[in-house]
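This is a predicted model, so every value here is computed, not measured.
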Amino acid sequence: MSKNIIMENEKEVSLNSLKNNNVINVSWPERMVSSTAGALLISSGIRNILHHPVSSFFKTVIGGYLLYRGASGNCALYNAIGTKQMIERPEPIVATAKMVINRPKEEVYMFWRRLENLPIFMEHLSDVIEEDSVHSYWEAFLPGKIGKIHWNAQVIRDDFGEVISWQSIGSSQLENAGKVTFKAIDENQCELEVIIVYRAPAGDIGKTLAKWFNGGFQNMIQNDILRFKDYMEGRLISHEALEE
């Protein structure tokens, strides 16, 4: 299966977009120095704003940029001179499944569309909180449940009863993208195709996370997807679970 899981001309998530979004080109030690220097400059600027307004203004501006540089790991100057691969980016984990669900397509779609339902059958997810119809907050267990990692995501395609796709946004602790396609076989059956991608961010922390996200983690996600069929067919879905 092609790694480009969602075509760019459909404005969907792809592994290429995961490679290019939120490019981190500042090493972790350098980010720490930038954050510390930025905080000190802002503090000094605010403290002396009445006595030295001009110099204090420039201190706060420069300090704000350094704080952003440290928090995001992205340096505009490095971008300008083409420094984009200072840090090796871990390979993504891709989990896919295709199955027939003995439930009406609309029911399956409505259950999945309420993203807060996902931790019910996906054991690697701790929580999903929908902030509005597009944005959501996700928490997942690290392998062995030794801790949790979180990120923010947004729905980037939602064709009622047909397709749902999403991707992580901002400076997420974990890059995530997914696509679910629904196809009616008859009134009481639908074919479901799921693709979920995870990748640890670049940098020293990302390298550590990548060591945890091994084949076992990929198998966990794969099993979680397959568990959805058992859940949908094994019990009556409540009215509350289907509501948007």
Side-chain angles (χ1 to χ4, degrees), residues 5-6 10-15 17-18 21-22 71-72 92-97 99 101 103-142 145 147-184 190 192-201 209 213 217 220-244:
I5 61 172
I6 306 175
E10 296 179 350
K11 294 183 180 180
E12 299 178 8
V13 186
S14 68
L15 293 184
S17 69
L18 286 183
N21 285 347
N22 305 319
S72 67
I93 291 174
V94 182
T96 66
M99 67 195 81
I101 308 291
R103 289 277 185 166
K105 181 183 73 169
E106 288 73 17
E107 182 179 309
V108 176
Y109 163 83
M110 290 179 67
F111 183 84
W112 194 289
R113 180 59 184 86
R114 189 172 185 185
L115 299 175
E116 293 181 352
N117 286 330
L118 300 187
I120 295 175
F121 63 92
M122 288 191 166
E123 294 185 349
H124 79 283
L125 290 178
S126 168
D127 201 9
V128 178
I129 301 173
E130 294 181 85
E131 299 170 344
D132 54 41
S133 61
V134 175
H135 300 93
S136 52
Y137 170 83
W138 299 56
E139 283 188 354
F141 292 109
L142 293 172
K145 295 188 176 182
K148 294 181 182 179
I149 193 167
H150 61 84
W151 65 94
N152 294 304
Q154 68 178 13
V155 173
I156 58 174
R157 182 175 176 184
D158 182 12
D159 298 344
F160 184 85
E162 302 294 334
V163 178
I164 303 168
S165 60
W166 68 90
Q167 68 178 10
S168 56
I169 57 175
S171 301
S172 300
Q173 288 185 325
L174 187 67
E175 296 179 37
N176 169 240
K179 178 183 177 182
V180 187
T181 305
F182 309 84
K183 182 180 179 181
C190 79
L192 188 74
E193 185 171 2
V194 183
I195 304 172
I196 295 179
V197 181
Y198 282 105
R199 187 171 68 179
L209 291 175
F213 296 143
F217 184 71
M220 183 194 311
I221 302 169
Q222 199 85 32
N223 291 334
D224 280 352
I225 297 172
L226 296 174
R227 192 177 294 112
F228 178 67
K229 175 179 172 66
D230 295 333
Y231 182 84
M232 290 296 293
E233 295 179 353
R235 58 170 293 184
L236 180 65
I237 305 303
S238 68
H239 177 70
E240 289 77 9
L242 294 175
E243 286 183 342
E244 288 287 344

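Taking CG from Leu125 and CZ from Phe141, the interatomic distance works out to 9.0 Å, rounded to the nearest 0.5 Å. Here the CG-CG distance, from Leu118 to Asp127, works out to 10.5 Å after rounding to the nearest 0.5 Å. Note that CD1 of Ile101 is 6.0 Å distant from SG of Cys190, once rounded to the nearest 0.5 Å. Between atom CZ of residue Arg114 and atom OG of residue Ser136 there is a gap of 13.0 Å, rounded to the nearest 0.5 Å.
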Show your reasoning for whether side chain to side chain contact (heavy atoms under 4.5 Å, CB included) applies to His135 and Ile169.
CA-CA 9 Å; His135 300 93; Ile169 57 175; 3.9 Å; yes
Side chain to side chain contact (heavy atoms under 4.5 Å, CB included) between Met99 and Ile225, intermediate numbers included:
CA-CA 10 Å; Met99 67 195 81; Ile225 297 172; 3.7 Å; yes
Apply salt bridge (Lys or Arg N to Asp or Glu O under 4.0 Å) to residues Asp230 and Arg227 and explain how you reach the verdict.
CA-CA 5 Å; Asp230 295 333; Arg227 192 177 294 112; over 6 Å; no
Show the numbers, then the answer: is there a side chain to side chain contact (heavy atoms under 4.5 Å, CB included) between Ile164 and Lys179?
CA-CA 6 Å; Ile164 303 168; Lys179 178 183 177 182; over 6 Å; no
Working note: Leu192 + Met232, criterion side chain to side chain contact (heavy atoms under 4.5 Å, CB included); need CA distance, chi angles, decisive distance, verdict.
CA-CA 12 Å; Leu192 188 74; Met232 290 296 293; over 6 Å; no
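Ring geometry for Tyr198 against Trp151 counts as perpendicular: the plane angle is over 60°, on a 0 to 90° scale with 30° as the lower cut.
With hydrogens and angles disregarded, a donor-acceptor distance shorter than 3.5 Å links the side chain of Asp224 to the backbone of His124. Formation of a donor-acceptor pair under 3.5 Å by the Glu130 side chain with backbone atoms of Leu115 is found in this model.
Using a 3.5 Å distance cut-off with no hydrogens or angles, the side chains of Asp159 and Tyr109 do not pair a donor with an acceptor. Using a 3.5 Å distance cut-off with no hydrogens or angles, the side chains of Trp166 and Asn176 do pair a donor with an acceptor.
The shortest distance between side-chain heavy atoms of Phe228 and Val194 does not fall below 4.5 Å. At least one side-chain heavy atom of Ile120 sits under 4.5 Å from a side-chain heavy atom of Phe111.
For the residue pair Asp132 and Val134, the shortest heavy atom distance occurs at OD1-N, 2.8 Å. Between Ser126 and Pro119 the shortest heavy-atom distance is O-CB, 4.2 Å. Glu131 approaches Asn152 most closely through the heavy-atom pair OE2-OD1, 4.1 Å.
Residues Phe182 and Trp112 place their aromatic rings such that the two centres sit no closer than 6.0 Å.
Partner of Glu162 under the side-chain hydrogen bond (donor to acceptor under 3.5 Å, both in side chains) criterion, out of Lys105, Arg157, Lys183: Lys105 alone.
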